[in-house]
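Report on one structure; see the data block that follows.
Within every chain, numbering begins at 1; the chains are lettered A, B, ... in the order of the sequence lines, protein sequences first and strands thereafter. Note that these values count all heavy atoms, side chains included, but never hydrogens, waters or copies made by symmetry.
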Protein chains: 2
Amino acid sequence: MSLKHAILVLLDEEPSTGYDLMRKFKGSVGYFWNAKHQQVYLQLKKLNEDGLIHLAIQAQSGKPDKKIYSLSAPGKQALCNWLSTPIEPSKTNDAFLVKLYGGHLSSKEELLAELARHRATHTKTLDYLLGLEQSYRQLPAHQKDKYQYPYLTLRKGIIGEHAWLEWADEAKKEIKK
Amino acid sequence: MSLKHAILVLLDEEPSTGYDLMRKFKGSVGYFWNAKHQQVYLQLKKLNEDGLIHLAIQAQSGKPDKKIYSLSAPGKQALCNWLSTPIEPSKTNDAFLVKLYGGHLSSKEELLAELARHRATHTKTLDYLLGLEQSYRQLPAHQKDKYQYPYLTLRKGIIGEHAWLEWADEAKKEIKK
DNA sequence: GTTTAATATGCAAAAAATTGCATAAAAGGT
DNA sequence: ACCTTTTATGCAATTTTTTGCATATTAAAC
């Protein structure tokens, strides 16, 4: 149950709406955390009920109110407690590798097509992450310090996507063979 | 819901008990699929009820009966259908990176300790996978052909673990800095 | 000899995630 | 003008996963 903690970490960085968090999960932190919007809004509601986050409602003319959440003192405490507790390596469930494992039941054409499709999304993700890296590099020194740890996770994303593409090239050759 | 398909793929390879599957999820295919034993046994029950797998009970003196499951014709059909349906890239949820993202709330010592701990498990996994690769390489040609696709996924595991360790070295330096 | 790990299975309750449905206004494209 | 995407939120039902509990034998370690 770490969506809770993922949200707390993001709210520690800056107060956000559910929609803001969603965008982060779909974008900049999407290579290490994913969640659907329904899940995010539900967790925010629960975290607020538990007093771990504050809610400030910002009225907007015409539009529905914006609900801006921020970390509360107990929330920060809960986050720190979790951070200092060792965790087990996360489990990975990769359906694409399951499909490849049973590759002999497909045709080479189908396998190559799906590999290419996934390759495209990984390339896109890598490009996006490299863009973020450029932004980080252009930051003034004090900002770089602030984002030192997020940047480390970004590097994980970049190295991971590189590795994926490296593997994909190898796999493509091997399937064609 | 791909645990179902992961099980079908493994049963296509060879008839197995729930325990056999579990060992695979903890071992050779653990870098791309994970499941708890309760989940595996439950899925096997459901798959059997749905007629996608066959059950053969092997009595054992004293010990409880061994339940050996194998893929049925409808099961193979269902598997093939799934294999020929494009899937979305799997979502990743990595709690360790969440912790690192909020690294400024921890001490360097704690971060380095946890990094080292995770590094150790990744090193162990890599060694294990390299061992599997050696076994594969020593196989006679026709066996190599049979395991061509599982071997491809194994390569993914190896490249992925290498990348993890590469990143870990970079991260270690950056945290110490 | 006793304890621990491995073999082998499963139910039940709780928590978490997904899927389906739902609303509503603004902004941008054709 | 119309259509699609983006912004912005959420409930309800279902499915999936996790956690806790439960049993019982064998083999190995200490």
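- Between the NZ atom of B:Lys26 and the C1' atom of C:dA5 there is a distance of 11 Å, given to the nearest Å.
- We find that CD1 of A:Ile7 is positioned 13 Å from C1' of C:dA17, with the value rounded to whole Å.
- In this structure, OG1 in B:Thr153 is found 11.5 Å from CD in B:Gln148, a value given to the nearest 0.5 Å.
- Between D:dT18 and A:Lys91, a contact under 4.0 Å exists linking OP1 or OP2 to a side-chain N or O.
- Expressed to the nearest 0.5 Å, how far NE2 of A:His37 lies from CG of A:Leu42 amounts to 11.0 Å.
- Listed by residue number, the members of residues 36-43 of chain B with any heavy atom below 4.0 angstrom from DNA chain D are B:Lys36, B:Gln38, B:Gln39.
- Mapping A:Ala35 and B:Thr17 onto DNA chain C via the closest heavy atom, the residue that lands nearer the 5' end is B:Thr17.
- Ring-centre distance between A:His118 and A:Phe96: below the 6.0 Å cut-off.
- Between A:Asp20 atom CG and D:dA8 atom P there is a gap of 7 Å when expressed in whole angstrom units.
- The number of heavy-atom neighbours closer than 6.0 Å to NZ of B:Lys124, taken from other residues, nucleotides and ligands shown, is 12 or below.
- Mapped onto DNA chain C by nearest heavy atom, B:Asn93 and B:Gly18 fall at different nucleotides, with B:Gly18 at the one closer to the 5' end.
- Contact annotation: A:Arg23 side-chain N/O to D:dT6 OP1/OP2 distance is not under 4.0 Å.
- When each of D:dT9, D:dT17, D:dC11 is scored by its nearest atom to the side-chain atoms of A:Lys45, the top-ranked nucleotide is D:dC11.
- B:Trp33 places none of its side-chain heavy atoms less than 4.5 Å from the side chain of A:Thr92.
- Residue B:Glu88 contributes atom CD, which lies 15 Å from atom C1' of C:dT19 at whole-angstrom precision.
- Across D:dT17, D:dA8, C:dA8, the shortest atom-to-atom separation from the side chain of B:Leu3 is found for D:dT17.
- Following rounding to the nearest Å, B:Ile68 (CD1) and C:dT7 (P) show an atom-to-atom distance of 16 Å.
- A:Tyr101 and B:Tyr149 have their aromatic ring centers separated by at least 6.0 angstrom.
- Atom P of nucleotide C:dA25 and atom NZ of A:Lys66 are separated by 17 Å, given to the nearest angstrom.
- Between A:Leu21 atom CG and D:dG10 atom P the separation is 12 Å, expressed in whole Å.
- Between A:Lys4 atom NZ and C:dA17 atom P there is a gap of 12 Å when expressed in whole angstrom units.
- Distance check: A:Ile53 CD1 to A:Gln43 CD gives 9.0 Å after rounding to the nearest 0.5 Å.
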